[in-house]
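These values consider heavy atoms only, across backbone and side chains, with no hydrogens, waters or symmetry-generated copies. Just so we're on the same page: letters track the sequence lines, and every chain starts at 1.
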Amino acid sequence: MKLSREFYLRDGLTVARELIGKKIVTNLPEGVTSGIIVETEAYMGAIDAAAHTYRGKTERTKIFYGAGGFVYVYLIYGMYICTNVVANVENVPEAVLIRALEPVDGIELMKLRRGKNNLRGLCSGPGKLSQALGVTKNLYGADLCGDKIFIEDGEKLPVLTTPRINVDYAGAAADYLWRFIAANSKFLSKHA
DNA sequence: ACCGTGATGTTCT
DNA sequence: GAACATCACGGTG
C-alpha cells in the first residue's frame with residue numbers, strides 16, 4: 001500500500017517519526033530497489049538553524065516550500081546526494097532526511113551501484129542509500145505518489161530519538177531531539 | 001575500536 | 001571564496 005498524499009501533509013516531526021518502519025522503493029530502468037527506513041531527521045523551516053530553509057527560499061530549496069509528498073534532493077560535500085521527503089502543506093518548509101535503510105529488494109543492484117558488497121554498510125547513511133537506490137538530481141521534485149519513487153506502509157517499530165548528526169554549526173538547534181531511529185536496528189548510520 | 005584526512009562541486013556570502 | 005544534513009580509507013590503540 002503506497003502512502004497517500006495526506007500522510008505527508010502533516011508536520012515534519014510526525015512524518016519523520018512515522019516514516020520509521022515504512023518501505024521506500026525506487027523503480028528505475030535498471031530495476032526495483034527498496035529498503036525499510038530505520039533512521040530519519042526532521043528539518044523544520046524558519047525556526048530551525050540547521051535547515052536549508054533557515055535563511056529563506058532559494059532556487060535550491062524551492063521544492064521544500066511546496067506541498068508534502070515530493071522529493072527534495074541536494075548534493076553534499078561535492079560528491080554525495082541526500083534524499084529528503086517534503087512534509088506539511090504548501091509554504092510551510094519542512095522536510096525529512098532519510099538517513100538509513102535496511103535493504104530489502106534489489107540487493108544485488110544496490111551492491112552494484114555502490115561498488116560494495118557489505119550488507120550492513122549498504123544503506124547505512126544518507127549518501128549511501130541515495131546511491132544504492134539510484135537517486136540523482138533527476139529525481140528533484142519527484143512525486144512520491146507517482147511510480148518512480150514512493151513509500152509503502154510497513155510494520156510499526158519502536159522508535160528512539162537523539163540529536164541530529166553533523167549539525168554542530170546550528171547552535172541550540174543542534175541539541176533538538178529531531179533524529180528518529182528504529183530501536184535495535186543493525187543498519188543505522190551510527191551505532192546507537 | 002576510534003581518529004584524521006582527502007576527495008569533490010554547488011550554493012550562498 | 002568559504003561552507004557544507006558525507007564517505008572511504010589508512011593510521012594508531
Trainee: Just N and O in the side chain of A:Thr58: are any of them under 4.0 Å from OP1 or OP2 of B:dT11?
Mentor: no

Trainee: Rounding to a whole Å, what distance do you find between A:Leu97:CG and C:dT6:C1'?
Mentor: 11 Å

Trainee: With a 4.5 Å cut-off on side-chain heavy atoms, are A:Lys190 and A:Thr162 touching?
Mentor: no

Trainee: Less than 4.5 Å apart, any side-chain heavy atom of A:Phe180 and any of A:Val96?
Mentor: no

Trainee: Might you confirm whether atom CZ of A:Arg5 has over 12 heavy atoms from other residues, nucleotides or ligands at distances under 6.0 Å?
Mentor: yes

Trainee: Would you say A:His52 places a side-chain N or O within less than 4.0 Å of OP1 or OP2 belonging to C:dA5?
Mentor: yes

Trainee: Please examine the side chains of A:Met110 and A:Val104, heavy atoms only from C-beta on, and report whether any two atoms are closer than 4.5 Å.
Mentor: no

Trainee: Counting only side-chain nitrogens and oxygens, does A:Arg60 get under 4.0 Å of the OP1 or OP2 atom of B:dC12?
Mentor: yes

Trainee: Report the distance from atom CG of A:Leu75 to atom C1' of C:dT6, rounded to the nearest whole Å.
Mentor: 10 Å

Trainee: Does any part of the side chain of A:Pro163, heavy atoms only, come nearer than 4.5 Å to the side chain of A:Leu177, both counted from C-beta?
Mentor: yes

Trainee: Could you give the CZ-to-C1' distance, from A:Arg164 to C:dC4, as a whole number of Å?
Mentor: 15 Å

Trainee: Does a side-chain heavy-atom distance below 4.5 Å link A:Asp105 with A:Lys23?
Mentor: yes

Trainee: Specify the separation, in whole Å, of atom CG of A:Asn84 and atom C1' of C:dA5.
Mentor: 8 Å

Trainee: Can you check the A:Arg55 CZ to C:dC4 C1' distance for me, whole Å?
Mentor: 13 Å

Trainee: Tell me whether the NZ or CZ atom of A:Arg10 lies within the 45° cone about the ring axis of A:Phe7 and under 6.0 Å from its centre.
Mentor: yes

Trainee: Could you tell me how far apart A:Tyr169 (OH) and C:dA2 (C1') are, to the nearest whole angstrom?
Mentor: 15 Å

Trainee: For each nucleotide in nucleotides 7-13 of chain C, reading 5' to 3', give B when a protein heavy atom comes within less than 4.0 Å of its base, S when such contact involves only the sugar-phosphate, and - otherwise.
Mentor: SSS----

Trainee: So, does A:Asn166 get its side chain near the phosphate of C:dA5, meaning an N or O under 4.0 Å from OP1 or OP2?
Mentor: no

Trainee: Let's test your reading of the model: under 3.5 Å, does the base of C:dA5 pair with the side chain of A:Tyr74 as donor and acceptor?
Mentor: yes

Trainee: Are A:Tyr77 and the base of B:dA7 stacked, counting only ring centres nearer than 5.5 Å and planes tilted under 30°?
Mentor: no

Trainee: Expressed in angstrom and rounded to an integer, what is the separation of A:Tyr140 atom OH from B:dT10 atom C1'?
Mentor: 13 Å

Trainee: For A:Tyr140, check side chain to side chain contact (heavy atoms under 4.5 Å, CB included) against everything at least two apart and list the hits.
Mentor: A:Lys62, A:Ile63, A:Tyr72, A:Val73

Trainee: Tell me what A:Phe64 touches on the nucleic acid: a base, only sugar-phosphate, or nothing, going by heavy atoms under 4.0 Å.
Mentor: base

Trainee: Between A:His52 and A:Phe64, does the ring centre distance come in under 6.0 Å?
Mentor: no

Trainee: Reading DNA chain B 5' to 3', how would its secondary structure be written in dot-bracket notation, given Watson-Crick and G-U pairs with both distances under 3.5 Å, brackets [ ] for crossing pairs and | for partners on other strands?
Mentor: |||||||.||||.

Trainee: Would you mind reading off the distance between A:Lys62 atom NZ and B:dC12 atom P, rounded to a whole angstrom?
Mentor: 11 Å

Trainee: Between A:Ile36 and A:Phe187, is there a side-chain heavy-atom distance shorter than 4.5 Å?
Mentor: no

